[in-house]
Amino acid sequence: MKNKLINIAIDGYSSCGKSSIAKSVSKEFNMKYVDSGAMYRAVTLFFMNHKIISNSKINYDKLLRSIDDIDIDFYYNIDLNITETLLNGKNVEHLIRDNNVSNQVSNISQIKEVRDKLISFQRRMCSSKNVVMDGRDIGTKVMPDADIKFFITAEIDTRARRRFDELIKHNNLITFDQILINLNKRDTDDTEREINPLVKSDDAIVIDNTSLSYLQQNQLIFSLIKQKQDENNN
Ligand code: DC
């Protein structure tokens, strides 16, 4: 018997492995993966490239006038088996991970018009189901009716260490302390912003992966998803 199609929401703090989890789930269960953080990053890169953010100052008039010029899409790279982010047709997958973008993205993701645009796009992407999406407000705002919701967390030092290891792999010149400062700021921005702050949805399953190996975490998450599929099939 074929499983019924489901949507999965994965929310949580920055750098706690949400996107790795979402990618493994997408592979294991043959679902479409949507990285909502990549969209906020791509929009931020657009504003940086067009000098709408300059020296951390945002030109709101220009921002509102140019918001409809932004087109975001995803491209599945068969060779690398990953989904890459396109900004107005250009592959920006590496550029959006740069620390300059990381430093500005929280400010941009607090702007109502930016959120409205991206949330309506994200809702369209999951309307036909079979989507696993990660972010901050997926279980609460983008897909409040998701079949299964996870809220991922880990201690901040562990998260900073993982991000540091990831960035130096791409020859990024950054120190551990710079990452820790950035993560602390993003945690505060994410949880304290007025519009759609990061909050755990009441029906989300909390996974603290501080002392879980990648394998243990995946086993746990996969078994919870299989359990849900069995319930849905009965
Ligand atoms: O997941 P990430 O670190 O790539 O996300 C980048 C930023 O985008 C993060 O600082 C918070 C914001 N974001 C958001 O506000 N809502 C989402 N659904 C996803 C990301």
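All heavy atoms count here, side chains included; hydrogens, waters and symmetry mates do not. Note that ligands are numbered from 1 as they come in the structure, with each ligand's atoms numbered from 1 the same way.
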* Asked: Between R97 and D35, is there a side-chain N and carboxylate O pair less than 4.0 Å apart?
  ->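 Result for this pair is yes, salt bridge flagged.
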* May I ask you to decide whether K4 forms a salt bridge with D147, counting only side-chain N to carboxylate O separations under 4.0 Å? =>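 No salt bridge links K4 with D147.
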* Using heavy atoms and a cut-off under 4.0 Å, could you grab the residues that are in contact with ligand 1, chain by chain, numbers ascending? =>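 Heavy-atom contacts below 4.0 Å: S36, G37, Y40, R41, V105, S106, S109, R115, G135, R136, D137, I138, R186, D190, R193.
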Residues in side chain to side chain donor-acceptor pair (under 3.5 Å) contact with [X], at least two apart in sequence or another chain:
{"X": "T44", "value": "none"}
{"X": "N3", "value": "N233"}
{"X": "Q110", "value": "none"}

* Mutual orientation of the aromatic rings belonging to H170 and H94 [parallel < 30°, tilted 30-60°, perpendicular > 60°] ->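 Rings of H170 and H94: tilted, as their planes differ by 30° to 60°.
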